[in-house]
Amino acid sequence: MASSTIIVHGGAGEWPELKQATGLSGVRQAATRGFGLLQRGGSALRVVETAVMEMEDNPIFNAGRGSTLNLVGDVEADAGIMDGKTQRGAGVALLRRVKNPIRLARVVMEKTDHALLAGNSAEKLGEAFGLPEASLKTPERVRQWKQARRQLEKADPGDFSRNLKLIRTKGQSLLGDTVGALAIDQNGDLAAADSTGGVSLKLPGRIGDSPILGAGLYADNRIGAATATGVGEIAMRLVVSKSACDAMRALTAQEAASQTIKTVTKLAGKGLGIVTLDRKGRYGVAHNTPHLCWAAFTRSRDSSRKCISNLSERF
Ligand code: ASP
């Protein structure tokens, strides 16, 4: 029988030392809450939604309230959710005022025939289902945005003809703090969820990997679940979450995560992290960014509960 497990992450990129302890306590809190639900018989789907909501409500993370700002200083948040049992999933994108984007992704998955909904019309659906609204902008993100804009203006404009180049050249500090969660429940059902403000200074209208099934997240009861973080354009081009799941047909979760990141480094360079979970409840973590903040809660071999939280360095 699979052991109930949850793994959550708080984003790849560069975690400044000052933020590390708060980030770790945020992921630990989300994993602990999710594991408590699993222990009480909660479904994997509900658990990943709850864990992601918890992190969306924590302004340290780049998701929900506390999302990073785009080039013109607006929030445009994305989120996705997938149920490994039914293979249904959906994403939402370009949200400005839905307090918990992950809840809207679940509404799209369960109440519509679509797999991706964006912008104002998506927000209207949230209103119709009574989802709470909130301003997602925080003073701290406005401060960071002003600083990043100043750096951008000082730099050689030739460097910024392409946004991805900007993200790469200006470093991993423009990424990060996106959140994701994977869980396997007592019935052996798997689920994946993620949520993000995207990469900071993105062009208005840019949608990342997080709401795209196969790229930002994937879950299939027959093989496993995965969610990616980092440069979304890489995750989309290489369909990394589906690839990591496919790798789990033959490999453990950790082997699949490591192999996926090795391939990413070879084909697209640095800028990505991934967490994985296989059918046996084993998890994996790999990244080629400086850091990835994550926590996992599972049962150890002696059947005691165990929470491992970590800010892993690049490996
Ligand atoms: N993958 C997210 C995006 O590209 C950003 C991140 O994970 O930090 O929108």
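Read the numbers this way: they start at 1 and go in the same order the structure lists the ligands and their atoms.
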Peer 1: Taking the minimum heavy-atom distance to atom 4 (O) of ligand 1, which of K202, R206, E233 ranks first?
Peer 2: R206
Peer 1: With sequence neighbours excluded, tell me which residues meet side-chain hydrogen bond (donor to acceptor under 3.5 Å, both in side chains) with E133.
Peer 2: R97
Peer 1: Going by heavy-atom distance to atom 7 (O) of ligand 1, choose the closest among G271, G230, G198, S200.
Peer 2: G230
Peer 1: So, is T178 polar-close to ligand 1, with some N/O to N/O distance under 3.5 Å?
Peer 2: yes
Peer 1: Under 4.0 Å from any heavy atom of T229, which atoms of ligand 1 are there?
Peer 2: 6 (C), 7 (O), 8 (O)
Peer 1: Flag A228 as yes when one of its N or O atoms lies below 3.5 Å from any N or O atom of ligand 1, and as no otherwise.
Peer 2: no
Peer 1: Would you call K242 and D220 a salt bridge, using N to O less than 4.0 angstrom?
Peer 2: no
Peer 1: Look at the side chain of T289 and the backbone N and O of K270, then say whether any donor-acceptor pair between them is shorter than 3.5 Å.
Peer 2: no
Peer 1: Are the charged groups of D185 and K85 less than 4.0 angstrom apart, N to O?
Peer 2: no
Peer 1: Would you say the side chain of K137 lies within less than 4.5 Å of the side chain of D74, judging by non-hydrogen atoms?
Peer 2: yes
Peer 1: Kindly confirm or rule out an N or O of D209 lying under 3.5 angstrom from an N or O of ligand 1.
Peer 2: yes
